[in-house]
Amino acid sequence: MRESLQRTRQLSARFKQTRHWAALQDALVTQGTIRYEKGGRLVWRMDPPAESEVILDDQRATIHYPALGTTQTMDFAADPGLRKVFQSIRSVLEADLERLQPIFELRLDRKVPLSLTLKPRLPEVSRIVERIRLEFDKELRLTQVRLDEPGGDWTEIVFHGHVIETATR
Amino acid sequence: MMRARLKLSRWHQWITAHLWATLALSVLVLCAGASFYRRGATEQDIGALLPGGPGSPREAVRLLGEFGVLNTLLLDLEVAGATQDQLAEAGEKLAEELRRSGDFAEVQAGPSAHDFVVLGQVILPRRLYLLADPAGEIRRRLEPARLAGSLDALKVQMASPQALTMKRELLRDPLNLNSDLLASFARMAGEIQPYRGQLLSKDGRHLLLVTTPKRPALDTEFSAALLDRIRRKAAELSPGPSGHAVLRAVGGPRFATESAAGMRTDVVITLLTSALALMALFFARFRGLRLLVLASIPLGFGMVGGLVAVLLIQGHIHALTFAFGAVLIGVGIDYPLYLLNSASMQRGDGLERMGRGLDDTWRSLWFGFTTTALGFCVLLLSKFPGLRELGLFAAAGIATSFAATLVLLVPFCAKWGPQRWRKIPSWMPKLKLRVLAPPVAWGVATAIVVGALLLIPSLRFDGELRNLDAERPEVMAEYQRVMDRFGLSASDSLVIARAHSQQEALAINDEVTELLSSMEHRGLASRIRSIGSFLPAVATQQRRARSLNALDLEQARAELFERTATKAGFSPAAFAEFWDEVESIRQDKIELLKPGDFENTSLQSLLTRLLRCSADECIAVTSFVPNGSEAVRLISRSLPTGAVLLDSGAVAADTIAQLPRQLAILSGAGVLVNIVILAAAYRSMRFAILACLPCCLGLLGTLGILAAARVPLNLVSASALVLVLGCGVDYGIFVLQEVAGPSPNTAVGSTGVLLASFSTLAGFGTLVLASHRALQSLGIAVGIGVAASAAASIFVLPGLYQGLLSRRASAPAGAEK
């Protein structure tokens, strides 16, 4: 897993996110593309009608809603708690176990195909997410993420159509 | 008067015997007087020339200056080819260095994410208090189509990754109140884009730092040194990926510095040209410059006398009074000129010749001095502090200069004057051949009066104080470019809400804000910046909370909201927290917003500027841009009690425009006083009027010419017209003495007038060369006035006198003596 991640220079995939929130009568389903470069930024783009683009890097999150014509920037330097939460989201989406370990306790549910459960170590993260489950395929590509929130709400993200650019040895 | 003359002769003899001691004492007195200038405070604020007190024009000009650009220096940073991140980093570094430099009281960058969070915590739970009509606003937002749009936008936000962290905040705002509220705050700051704690232009290529230097902009020495340090700092900035970094500094300190530098250049140029012109004049008349040096001694005494009088009485002097007054008492050189011109035609040795010259001009000198000094004293009655100060300076200066002429000039010229005195050059008396015949003279005088009366109504008065500044067009253009780049507007119009307590002032201000908002909808106002948008008065907040009772909450929620929300896919309980908030506000359960809540928030500095309290009162300020003068009048009329509109245009129109009327009244009073004094001296009213006619013709002629040439009068040139009266009366007196005297063909009086008018033109006329608009207008007005008065005295007055003689066989005894 570690080797696979180290080889990955760039990754893109399609995703389908299903949000099961008590505030909503039905599940909120959105689709889009995720793309990230190693050591660079992660771009989370959602297709219309819920079109939006979130760009995450070490310093900030920039959120753009084309339909609303607004762009919002959240500077992590000013809010370390926010940094941790977004770092977690980013590390989960990148399946970056090295960076997840200080924030979450990792539990191995299944070896092949790999399945992990993460439980937050930090209170600022556990207030938002109670448990995260990551599912991988045989090639150790992230295929599914399930985020369970403290109030019972949960979100499932399924990834497919991975395009991975790896470093040649 | 004769006894005084005899006593003065004894003094002259004593001084002649103790010349060096007198000279040393004179130098000592001059140095002691001049040292007052260093100790006294010099005022540079134009507003200080206007009447003061609460609600006064002076306060208006001060507040307009403060909310404009007077003490604000805007720094516009551009780093060629840099990304927004690189620009923000460069800006952050620069701001930090500037703060550390100790040159600034404040260096404002943009609000950081933390600032937004803190502000959100203060404002968002109490956002309903900030809506002018919360019940109406909720009803409008519950309109099905609008609500459906808000809920769709909410769902888009709920799908985003960050919704995990912001779920609660999102569900608390189903009507999209927050983004509209935050957008209204952002609009107050112009078209600035907050980015990583910095303020960027819309295109993201420029970064703005709003700074307040430690010293006022009008401390031009500090401002110049500060701008120099900023220039050096700009040269040290790291270049961007595709070129140099550019740092532009615009605003009050830059204007003040450029203005002062321009003024210095003007002073040098006009002083040099004045000196050259005076040297040419003395050389043409006396064939030497020795008398120029001696004649300058009374002038020096005059300047010091005026300065000391103002500083002793007021403790401070306005720079403009000093500059203007110093030139003004250049009139003081007229008395030495009359005296020396007359002395040159006398016989005898030094002291004898000078004594005879003094005897010859004694009466006219006194009449001239008394009328001129009284003319300036009338200015002391003005309600404009600027005019009073000018009157005091000029009257004291002229008196000192006159005293020095009488006491010192005679013995000094006797000792150090020329051995051989030149007679009047032949071309000067020949001018007398051009004197107009009586009927023509009366015709010309009538034509001037009628022409001026017809033209004067079209004379414009430019009351805009900024037009008196020496701002260079390119500096102004650069400032405007920076303002446009960041969508900023200088606040030309302010509404001041004044009350005894902070809350009362805020309550009046809330009424003002509501009025201006309605005017904005009608297209009459824009860019409203009001403290009421984030801090309404407690009473206003309570009223707004009570107004929510008009809303049938159960019905609104069940029939209007939940139907649409369900249709949009939300559960019935999704927005419970929002409705709880509305209910809590209705029941006064949520704490009201107070000024203290904004401490340590990004709105603190705006709050400090817009809400001020002194021991006596509090003021809350709202700035806006009116759409034309009609809008200013309409808004001004509609304001609630306790609020006043300060508009730079209106200040010019309503306050400074009173100045011409004041001057007309004061000038009229001055002429009347002169006529009374001269009537008593001449024992003839007709003769007194005749002596004052040249100055009146000069003044009317000047106004007529300015009106015909469409040159507007301003604060400075209008004040300077008093000088035309002062000089013109002297010219009339001297020419009248000559034509009504025992030897009307000597031409001593008329050549004296010619020399005096040339010397005044050398002092004032050369101001036309100045780049400073105030000085230039002064040069034009006084140049025309003095030339016209001198011409009227030399060419018209003899004819008028002859015409009068033909009607009355005998001339007044007083004048003939």
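With salt bridges taken as basic N to acidic carboxylate O contacts below 4.0 Å, none links B/Arg146 and B/Glu143. Using a cutoff of 4.0 Å between basic side-chain nitrogens and carboxylate oxygens, B/Arg172 and B/Asp580 are not scored as salt-bridged. Under a 4.0 Å N-O distance rule, the pair A/Glu53/A/Arg45 qualifies as a salt bridge. A salt bridge does not link B/Glu97 to B/Arg99: none of the charged side-chain nitrogens sits closer than 4.0 Å to a carboxylate oxygen. Of the charged side-chain nitrogens involved, at least one lies within less than 4.0 Å of a carboxylate oxygen, so that B/Glu137 and B/Arg141 count as a salt-bridged pair.
Residue B/Phe561 holds its CZ atom at 7.5 Å from CG of B/Leu142, rounded to the nearest 0.5 Å. Taking CD1 of B/Ile123 as the start and CZ of B/Phe534 as the end, the distance is 7.5 Å to the nearest 0.5 Å.
In this structure the side chain of A/Leu118 never reaches within 4.5 angstrom of the side chain of A/Val129, judged on heavy atoms.
Within residues 147-156 of chain A, the residues having any heavy atom less than 4.5 Å from a heavy atom of chain B are, in residue-number order, A/Leu147, A/Glu149, A/Asp153. Proximity to chain B among residues 25-35 of chain A is limited to A/Gln25, A/Asp26, A/Leu28, A/Thr30, judged by heavy-atom separations below 4.5 angstrom.
Neither the backbone nor the side chain of B/Ala568 comes within less than 4.5 Å of any heavy atom of chain A. Residue B/Leu164 touches chain A through both its backbone and its side chain, counting heavy-atom pairs closer than 4.5 Å.
When only modelled atom types and interatomic distance are considered, A/Thr117 and A/Asp109 share a side-chain donor-acceptor pair under 3.5 Å.
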Working for salt bridge (charged side-chain N to carboxylate O under 4.0 Å, His left out), residues B/Arg127 and B/Asp173
CA-CA 11 Å; B/Arg127 59 194 164 167; B/Asp173 190 26; 3.1 Å; yes

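Aromatic ring pairs are classed by plane angle as parallel below 30°, tilted from 30° to 60° and perpendicular above 60°; the pair A/Phe15 and A/Trp44 is parallel.
Counting heavy-atom pairs closer than 4.5 Å to chain A, the top-ranked of the candidates B/Ala573, B/Ser571, B/Ala576, B/Ala574 is B/Ser571.
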